[in-house]
Q: 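Let me begin by handing over the structure; questions about it come next.
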Amino acid sequence: QVRLVESGGGLVQAGDSLRLSCAASGRTLSRYCVGWFRQTPGSGRDFVAAVSWSGANTYYADSVKGRFTISRDNVKNTVYLQMNSLQPGDTAVYYCAATTKALGNSWYRTGLYDFWGQGTQVTVSS
């Protein structure tokens, strides 16, 4: 079982940048596909970005494409989400999740991820 811990959230102004980290312990993260999701009060968790186990393939929600970048460092057992040009609509709790499943085109499906972190709050003021 892998344990995930997110960090790097905070309060920023519109146009600012943040980098979120998802650090794994318990098992090497290199065997897992990792996704980032976000959730606002009263809503479900929305897909943000995902990266394949090797890092060769990345996937993004249309709303963040061109602004966010997902990457991974398997030596450090960490996945990152670089968020640029943040907007108030990006305000949410951000979660990372991991799975060993072959997701195909289903990167956005929360039910396919086996392990989740506790989340980190990102607040973007206008």
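Because the structure is a prediction, the values reported are computed rather than measured.
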Q: Just checking, any donor-acceptor pair under 3.5 angstrom between side chains of Gln121 and Thr123?
A: yes

Q: Restricting to non-hydrogen atoms, name the atom on Arg67 and the atom on Asp90 that form the minimum distance, rounded to 0.1 Å.
A: NH1-OD2, 2.8 Å

Q: Within a strict 4.5 Å, meaning less than it, do heavy atoms of the Tyr80 and Leu20 side chains meet?
A: no

Q: Just wondering, more than 12 heavy atoms not from Lys76 lying within 6.0 Å of its NZ?
A: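 Counting neighbours around NZ of Lys76, 12 or fewer heavy atoms of other residues, nucleotides or ligands fall under 6.0 Å, so no.
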
Q: I'd like to know if the side chain of Asp114 and the backbone of Thr99 have a donor-acceptor N/O pair within less than 3.5 Å.
A: no

Q: Testing the basics here: between Lys65 and Tyr60, what is the closest heavy-atom pair and its distance to 0.1 Å?
A: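 Distance-wise, the nearest heavy atoms are CE-O, 3.6 Å.
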
Q: Which donor-acceptor pairs under 3.5 Å do side chains of residues 3-17 form with protein atoms, sequence neighbours excluded?
A:
unit_1 : atom_1 : unit_2 : atom_2 : d
Glu6   : OE1    : Gln118 : N      : 2.9
Glu6   : OE1    : Gly119 : N      : 2.8
Glu6   : OE2    : Cys96  : N      : 2.8
Glu6   : OE2    : Gly119 : N      : 3.3
Asp16  : OD2    : Gln13  : N      : 3.1
Ser17  : OG     : Asn84  : OD1    : 2.9

Q: Side-chain atoms of residues 26-35: list all donor-acceptor pairs with protein atoms under 3.5 Å, sequence neighbours left out, distances to 0.1 Å.
A:
unit_1 : atom_1 : unit_2 : atom_2 : d
Thr28  : OG1    : Ser30  : N      : 3.3
Thr28  : OG1    : Ser30  : OG     : 2.9

Q: Got a second to check how far Cys22's SG is from Arg72's CZ, nearest 0.5 Å?
A: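 CZ of Arg72 is found 9.0 Å from SG of Cys22.
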
Q: Under a 3.5 Å threshold, yes or no: a donor from one side chain and an acceptor from the other, between Arg38 and Tyr94?
A: yes

Q: Give me the atom names and distance for the closest heavy-atom approach of Thr91 to Thr40.
A: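 Closest approach of Thr91 to Thr40: O-CG2, 3.2 Å.
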
Q: Give the other cluster members for Tyr108, using side-chain heavy-atom distances under 4.5 Å between Ile, Leu, Val, Met, Phe, Trp and Tyr residues; answer none if it is isolated.
A: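 Result for Tyr108 is Phe37, Phe47, Tyr59, Val93, Tyr95, Leu103, Trp107, Leu112, Tyr113, Trp116.
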
Q: Is there side-chain contact between Ile70 and Gln82, with at least one heavy-atom pair below 4.5 Å?
A: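 Contact flag for Ile70/Gln82 side chains = no.
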
Q: Calculate, to the nearest 0.5 Å, the distance between atoms OG1 and CZ belonging to Thr69 and Arg19 respectively.
A: 11.5 Å

Q: Which atom names give the shortest non-hydrogen contact between Val51 and Thr58, and what distance separates them?
A: CG2-CG2, 4.0 Å

Q: Can you tell me how far apart OG1 (Thr78) and CG (Asp73) are? Round to the nearest 0.5 Å.
A: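 So the OG1 of Thr78 and the CG of Asp73 are separated by 6.5 Å.
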
Q: What closest approach, in Å, do Ser21 and Trp36 show between heavy atoms, and which atom pair accounts for it?
A: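 Looking at all heavy atoms of both residues, the shortest contact is O-CH2, 3.7 Å.
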
Q: Can you tell me how far CG of Leu81 sits from OG1 of Thr120, rounded to the nearest 0.5 angstrom?
A: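 Separation between the atoms: 11.0 Å.
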
